[in-house]
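See structure below.
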4 protein chains.
Amino acid sequence: MAIDKTQRRLELLAAARNVFARKGYHDAKVDDIVAEASVSKGTFYLYFPDKRSIFEALADELAQQLQQAILRVDLAGNVAEQVRQNIRSVLGAFLADPTLTTIFFSYAAGLDPDFVQKVRAVEHTLLAILEEALRDGQNLGIVGQGDPGILAVFTLGGMKSLLLDACQKAPLSQEERERIVEEVFRILDHGYLRIDRQPAP
Amino acid sequence: MAIDKTQRRLELLAAARNVFARKGYHDAKVDDIVAEASVSKGTFYLYFPDKRSIFEALADELAQQLQQAILRVDLAGNVAEQVRQNIRSVLGAFLADPTLTTIFFSYAAGLDPDFVQKVRAVEHTLLAILEEALRDGQNLGIVGQGDPGILAVFTLGGMKSLLLDACQKAPLSQEERERIVEEVFRILDHGYLRIDRQPAP
Amino acid sequence: MAIDKTQRRLELLAAARNVFARKGYHDAKVDDIVAEASVSKGTFYLYFPDKRSIFEALADELAQQLQQAILRVDLAGNVAEQVRQNIRSVLGAFLADPTLTTIFFSYAAGLDPDFVQKVRAVEHTLLAILEEALRDGQNLGIVGQGDPGILAVFTLGGMKSLLLDACQKAPLSQEERERIVEEVFRILDHGYLRIDRQPAP
Amino acid sequence: MAIDKTQRRLELLAAARNVFARKGYHDAKVDDIVAEASVSKGTFYLYFPDKRSIFEALADELAQQLQQAILRVDLAGNVAEQVRQNIRSVLGAFLADPTLTTIFFSYAAGLDPDFVQKVRAVEHTLLAILEEALRDGQNLGIVGQGDPGILAVFTLGGMKSLLLDACQKAPLSQEERERIVEEVFRILDHGYLRIDRQPAP
DNA sequence: GATGAATGAGTGTTCATTCAT
DNA sequence: AATGAATGAACACTCATTCAT
């Protein structure tokens, strides 16, 4: 026994991820997690104060990866491609951990309020980043008029749904992933309705 | 005692809605609901076989209102306005019951599988309606190219998030609501990025 | 409504018998009984003060039939045949209501003590009758030596088991029933071991 | 805390036996058992998955002791004494645990079907052993003619009743016990009716 | 007499958390 | 550091009984 402390923590985290994946948060019992990690129950509480906090640790991980995934757009470069790259990165960050993504985005309310708060916090960070980017974009003229808050919420929501949808299916191929990136980009860039470009009947 | 059976059912439904709103699904105990409704526990089980089913009844209500909210677009009329009207209706259907909306769209996975199924079923119905409309639109030339499945998921996801966001805030004024309708319409119609309409640097 | 009071009581009794047959005492709910009798729950309590008492009423019925079934042996007649007739009658009284017999003899302990008492009381009555008969028989020289109490308990117990066994099976034919009568008579009359009638090895 | 696991199990078993004795199966609450054992409710479920299974464990114990109590009759020895010894052993096995015996033989129907099954299973084992022995005996000429099935059921039933009767009373003295053994043996060997050995009047 | 909606005390079971070893 | 036996508060659900109509 007595392996490295960090190592043990990582093992528990990994076990929790698996169990959450299989059973969802509520149905995942601490017993399941320690069984998966092959440690005793006491050990669990040596590393995490309670069940929620191991989920939070997992969530924080995801949040961090997300923040790193988004790059500031540099007007000096190919803007469209940078935007595409950001879409691609965000998609990738989530798809790297479908389980966590699913749980994460699926629980938003109706749970322990503290827990919900955690999920919200991460979302708000993302939202804030996107909103600021949109505001910048408006100043630079690469984003059209509109309430940046609404635009950000809508965009993130759309991507979330796409993600959730994708996570439910078998792992996406490279092409499928790229198609999604392209579609999202197109929606953001031109929308898809062509109403007023048609002669009124 | 012995008031009208339908009335009592409605009271329980209303009580449940309130309690779910205050505490979320898991934290809402049957005891809370019956206390809110001022009936005994036995009475609850006279009207609903278990806790889940009272939630499902609430969900079904919402689903029904949603389906009624969406109208088929008639090309002979003002298409843009009809689309706006659909956006407006869907928004309205949800905003009429912020609590339920929140709970409903917040739970998607990680809960009792049977329960999740319910929520999914409603979403899929909505999605199917939208996807079909988009496909029709493409044939009629009022919807641009793109995978209708992806477009539908993205659009619904965007609206969901907007909704969830709105539900968290104080009740929306008429103007705020209309602004959201307009913004969504604009995104769908033109997107918001203006990248390739700018001269490349 | 408002049919004859005795009639209603009988209907409830019949319904209870059926339900007890199908489900056993504990699993038979008052709701089941009133459903079977097509009356309301309130009506049940109009005729019986509680669930146990309807069972007791059924039990009393059985006890009465039993007592009537046993005839005093008249030494002036064919004694063997009279004993056989008594065996036959007791067997018949029980087999007339296999359900009640089963429940009745199956519950003896482990239930509400009051309830058990009822069952015991009936058994004791039977036992007392038999014991007295055996005592008489000993005086008359038609019953061999032995503790009449033990003989009575053993004999009744044996018949009870035979009965219970028979009740579990399909209804007995006339011949099967007669065979049991004959076997029991033979056991009581001669036993079945032939040990000391064999030359010791 | 944290005493030996087997020890704790035994304590719970003992506590359950007492409580079942005092209150019967249905009236014995898990709360009663854990109070008797001075452990928490959680501990109970650590050792037994549910209430029924602790009863089954008790029943299995009894069944095992019974099977060990019955010895195959060896014709080369004193057959009568061997039969007496078997009667004595079976009696002893039950009387060693009057409580359990009472509950065990008193419940036969009307309870949870699964539960009943357990009790029946044990009885059937006993019956099968006895029936086979009788069949052997008939071939060897030490058991008279008659349906071995009926003989077995009757014999076991008689003993059961004697047992139940004895269990209700104060603990039997050695002499009382031996008297029962002798009486049962005599019944089986010669019966107790002396009808046709008397001149008809 | 009859009804059936309402009651609420009661019960088996779960599981996150603790702590003596 | 690690264990795992022990805890006990919590909860969904049941059902015999009551009583206003």
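A, B, ... follow the sequence lines: proteins, then strands. Residue 1 opens every chain.
- Residue T43(B) places at least one side-chain N or O under 4.0 Å from the OP1 or OP2 atom of dT7(E).
- Atoms CG (D27(A)) and P (dA16(E)) sit 10 Å apart, rounded to a whole Å.
- An OP1 or OP2 oxygen of dC13(F) is reached within less than 4.0 angstrom by a side-chain nitrogen or oxygen of Y45(B).
- dA6(F) atom C1' lies 13 Å from atom CG of D31(A), rounded to whole Å.
- R22(A) CZ to D32(A) CG: the interatomic distance, rounded to the nearest 0.5 Å, is 7.5 Å.
- In this entry the distance linking CG of D32(A) with C1' of dC15(E) reads 11 Å, nearest Å.
- Heavy atoms of Y47(B) sit under 4.0 angstrom from primed sugar atoms or phosphate atoms, though from no base atom.
- Distance, L12(D) CG to dA6(F) P: 9 Å, rounded to whole Å.
- Note: H26(A) and H26(B) have parallel aromatic rings, judged against thresholds of 30 and 60 degrees for the angle between ring planes.
- Stacking of K51(A) on the aromatic ring of Y25(A) is recorded, both the 6.0 Å distance cut-off and the 45° axial limit being met.
- At the phosphate of dT3(F), OP1 or OP2 sits under 4.0 Å from a side-chain N or O atom of S40(A).
- Residues P49(C) and F44(D) each lie close to DNA chain F; by heavy-atom proximity, the contact nearer the 5' end of the strand is made by F44(D).
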Set out, in order, the CA-CA distance, both residues' side-chain angles and the distance that settles salt bridge (charged side-chain N to carboxylate O under 4.0 Å, His left out) for R17(B) and E61(B), then state yes or no. CA-CA 12 Å; R17(B) 206 196 310 270; E61(B) 228 177 65; 3.4 Å; yes

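- One N or O donor and one acceptor, one from the side chain of K41(C) and one from the base of dT17(F), sit under 3.5 Å apart.
- Straight-line distance from the CZ atom of F48(D) to the P atom of dA5(F): 14 Å, rounded to whole Å.
- Taking the nucleotide of DNA chain E with the nearest heavy atom to each of G42(B) and D50(D), the more 5' of the two is matched to G42(B).
- R8(C) has its CZ atom 11 Å from the C1' atom of dT3(E), to the nearest Å.
- Put simply, the side chain of T101(D) gets close to the backbone of D97(D): a donor and an acceptor are under 3.5 Å apart.
- Pairing for dG8(E) is with dC15(F), a Watson-Crick or G-U wobble pair whose two hydrogen-bonding atom distances lie under 3.5 Å.
- OP1 or OP2 of dG1(E) lies within a sub-4.0 Å distance of a side-chain N or O belonging to K5(C).
- dT13(E) atom P lies 12 Å from atom NZ of K29(D), rounded to whole Å.
- Here dA2(F) presents its P atom at 12 Å from CD of Q7(A), a figure rounded to the nearest Å.
- Nearest-nucleotide mapping onto DNA chain F: of S38(A) and S38(D), the residue sitting toward the 5' end is S38(A).
- Map V30(A) and L46(B) each onto its nearest nucleotide of DNA chain E; the residue landing nearer the 5' end is L46(B).
- Summarising the base pairing, dT3(E) is matched to dA20(F) through a Watson-Crick or G-U wobble pair whose two defining distances lie under 3.5 Å.
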